Amino acid sequence: ELAKENKQLFVMKAEAYKEMGDLQAAWAVLDEAIALYPEHSKFYMQKFYYLLEKGYYQYALDYANQYLERQEYSAKDYLAVSFALRSNGQYEKAALLLEDAVLRHPGDDKLLELLGQVYIDQEQYLAASTVFDRASITYPRFAEKAAALYLKANQPARALQLNRRVLNQEEKFKQRLNIDIHNENYAGMVAQTEALKRYGLLKDDNILYAIGYAHFRLGDYSQARSYLKKIKDSGLFTRAANIFKIIEKCENEPEQCTS
């Protein structure tokens, strides 16, 4: 009981020094505590956060690793440390820690999600898509994100495969439309019209524009007009008006039409 009280006194003393702005003294207290109670993990985490606050990221990570070595490597511990590193912009260090974490806790969805997000932070979209792809096998809600990231990584074929796993039908068709736009698959876009109508998605001006544009590219000017005229958004309607001008030119001077 006395030892437990002594440990808490070290924690409180270090925190008091920190509140006074004397981090050097706070670290010294924690170093003394670690020397006396090396098995007590809280001291390592307390020093980790102090070091992180001062920008000593590598030292902070060293203490975090020592903390994790003294625990049962729980997913919650990995999340706490990785989130702190990410919040301080230390994406590479967070990624390395999370890569180890998902090997130890392969079924933890929060670890997988944070690892994927850290890859996104670094614009490593293919790596992120692979993480969410794997996660979607157990957690289908990640399929949509995996597909979107594959598309961002210029992997439309894989994006299409993941899109088939998306459970929310409205989101599935909207995303499929984005994939077809990326592939310039205008016939595929037009083929989805009935499904889009069924789910009420043709109320969306962006989708109206996409379908109208697809008809325009396929040379079906009558259908293109019918969809584009329904657009209410002023910005999109301005773009539609430019298409109307091109259509008029194509109808009056077919030989000059480049659409």
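Only heavy atoms go into these numbers, but all of them, side chains included; no hydrogens, no water, no symmetry mates. Positions are given from 1, in the same order as the sequence printed here. Predicted, not measured: the structure shown is a model, and the values here were computed from it.
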Visitor: What's the spacing between Arg158 CZ and Asn163 CG if we round to 0.5 Å?
Guide: 12.0 Å

Visitor: For Arg86 and Tyr91, which heavy atoms make the closest approach, and how far apart are they?
Guide: O-CE2, 3.7 Å

Visitor: In terms of relative ring orientation, are Tyr227 and His215 parallel, tilted or perpendicular, with 30° and 60° separating the classes?
Guide: parallel

Visitor: I'd like to know whether Trp27 forms a side-chain contact (heavy atoms from CB on, under 4.5 Å) with Tyr17, so could you lay out the CA-CA distance, the side-chain angles of the two residues, the decisive distance to 0.1 Å, and finally the verdict.
Guide: CA-CA 9 Å; Trp27 290 339; Tyr17 276 124; over 6 Å; no

Visitor: Between Arg165 and Asp133 (salt bridge meaning N to carboxylate O under 4.0 Å), is one present in this structure?
Guide: yes

Visitor: Honestly curious: do Ile179 and Leu196 fall in one hydrophobic cluster under the side-chain, below-4.5 Å linking rule?
Guide: no

Visitor: Is there a side-chain contact between Gln223 and Phe216, using heavy atoms and a 4.5 Å cut-off?
Guide: no

Visitor: Nearest 0.5 Å, what's the OH-CG distance between Tyr186 and Asp220?
Guide: 15.0 Å

Visitor: Which pair of non-hydrogen atoms, one from Lys152 and one from Tyr125, has the smallest distance, and what is that distance?
Guide: CE-CZ, 3.3 Å

Visitor: Could you go through Glu248 and Lys245, starting from their C-alpha distance and side-chain angles, then the distance that decides it, and tell me whether this counts as salt bridge (charged side-chain N to carboxylate O under 4.0 Å, His left out)?
Guide: CA-CA 5 Å; Glu248 186 176 358; Lys245 291 176 184 177; over 6 Å; no

Visitor: Are Leu126 and Leu112 linked, directly or through intermediate hydrophobic residues, by side-chain heavy-atom contacts shorter than 4.5 Å (ILVMFWY only)?
Guide: no

Visitor: Charged N to carboxylate O below 4.0 Å: is that the case for Glu194 and Lys197?
Guide: yes

Visitor: Any sub-3.5 Å donor-acceptor pair from Asp108's side-chain atoms to Val102's backbone N or O?
Guide: no

Visitor: Which heavy atom of Leu162 sits nearest to which heavy atom of Ser136, and what is that distance?
Guide: CD1-OG, 3.7 Å

Visitor: Is the side chain of Asn88 donor-acceptor paired with the backbone N or O of Ala84 at a distance under 3.5 Å, no angle test?
Guide: yes

Visitor: So, for Leu236 and Asp233, which heavy atoms are closest and what is the spacing to 0.1 Å?
Guide: N-OD2, 2.8 Å

Visitor: Count the heavy atoms belonging to other residues, nucleotides or ligands that lie under 6.0 Å from OH of Tyr50, then report whether that count exceeds 12.
Guide: yes

Visitor: Quick one: which residue pairs count as a ring pair (Phe, Tyr, Trp, His ring centres under 6.0 Å) with a foot in residues 233-252, not counting sequence neighbours?
Guide: none

Visitor: Pick from Val131, Leu79, Leu103: which one makes a side-chain contact (heavy atoms from CB on, under 4.5 Å) with Leu111?
Guide: Leu79

Visitor: With side-chain contact (heavy atoms from CB on, under 4.5 Å) as the test, would you mind laying out the steps for Val118 and Ser82 before giving the verdict?
Guide: CA-CA 9 Å; Val118 168; Ser82 301; over 6 Å; no

Visitor: How many angstroms lie between CG in Leu114 and CG in Leu98, if you round to the nearest 0.5 Å?
Guide: 4.5 Å

Visitor: Kindly compute the distance separating CG (Leu151) from CD (Gln175), expressed to the nearest 0.5 Å.
Guide: 7.5 Å

Visitor: Do Ile231 and Leu177 share a hydrophobic cluster, counting only Ile, Leu, Val, Met, Phe, Trp and Tyr and linking them when any side-chain heavy atoms are less than 4.5 Å apart?
Guide: yes

Visitor: Check whether Tyr150 and Ile181 end up in the same hydrophobic cluster, where Ile, Leu, Val, Met, Phe, Trp and Tyr are linked by side-chain heavy atoms less than 4.5 Å apart.
Guide: no

Visitor: Just verifying a value: how many Å separate Arg217 CZ and Met189 CE, rounded to the nearest 0.5 Å?
Guide: 10.5 Å

Visitor: Would you say CD of Gln24 has more than 12 non-hydrogen atoms from neighbouring residues, nucleotides or ligands within 6.0 angstrom?
Guide: no

Visitor: Treat each ILVMFWY residue as a node, draw an edge where side-chain heavy atoms are under 4.5 Å apart, and state whether Val166 and Leu149 are in one component.
Guide: no

Visitor: Looking at every non-hydrogen atom in both residues, tell me the closest pair between Ala14 and Ala26 and how far apart they are.
Guide: O-CB, 3.4 Å

Visitor: Please identify each residue that fulfils ring pair (Phe, Tyr, Trp, His ring centres under 6.0 Å) with Tyr199, with sequence neighbours left out.
Guide: Phe173

Visitor: Test your reading of the model: is there a side-chain donor-acceptor pair from Asp204 to the backbone of Asn206, 3.5 Å cut-off?
Guide: yes

Visitor: Tell me whether the NZ or CZ atom of Arg104 lies within the 45° cone about the ring axis of Tyr78 and under 6.0 Å from its centre.
Guide: no

Visitor: Could you walk me through whether Lys110 and His105 pass the side-chain contact (heavy atoms from CB on, under 4.5 Å) test, one step at a time?
Guide: CA-CA 10 Å; Lys110 289 186 174 64; His105 303 279; over 6 Å; no

Visitor: Please give me the minimum heavy-atom distance between Gly116 and Ala128, naming the atom from each residue.
Guide: O-CB, 3.5 Å

Visitor: Count the heavy atoms of every other residue, nucleotide or ligand shown that sit under 6.0 Å from NZ of Lys18, and state whether that count exceeds 12.
Guide: yes

Visitor: Which residues pass the side chain to side chain donor-acceptor pair (under 3.5 Å) test with Gln192, not counting sequence neighbours?
Guide: Asp180

Visitor: Are there more than 12 heavy atoms of other residues, nucleotides or ligands under 6.0 Å from atom CD of Gln169?
Guide: yes

Visitor: Between Arg225 and Tyr221, is a side-chain hydrogen bond (donor to acceptor under 3.5 Å, both in side chains) present by the stated rule, with each step listed?
Guide: CA-CA 6 Å; Arg225 280 197 186 95; Tyr221 301 141; over 6 Å; no

Visitor: Once you round to the nearest 0.5 Å, how far does NZ of Lys172 lie from CZ of Arg164?
Guide: 8.5 Å

Visitor: Using the side-chain contact (heavy atoms from CB on, under 4.5 Å) rule, take Asn168 and Arg141 through it: C-alpha gap first, then chi angles, then the decisive distance, then the call.
Guide: CA-CA 9 Å; Asn168 184 305; Arg141 70 180 185 278; over 6 Å; no

Visitor: Any idea how Phe142 and Tyr139 line up, ring-wise: parallel (<30°), tilted (30 to 60°), or perpendicular (>60°)?
Guide: perpendicular

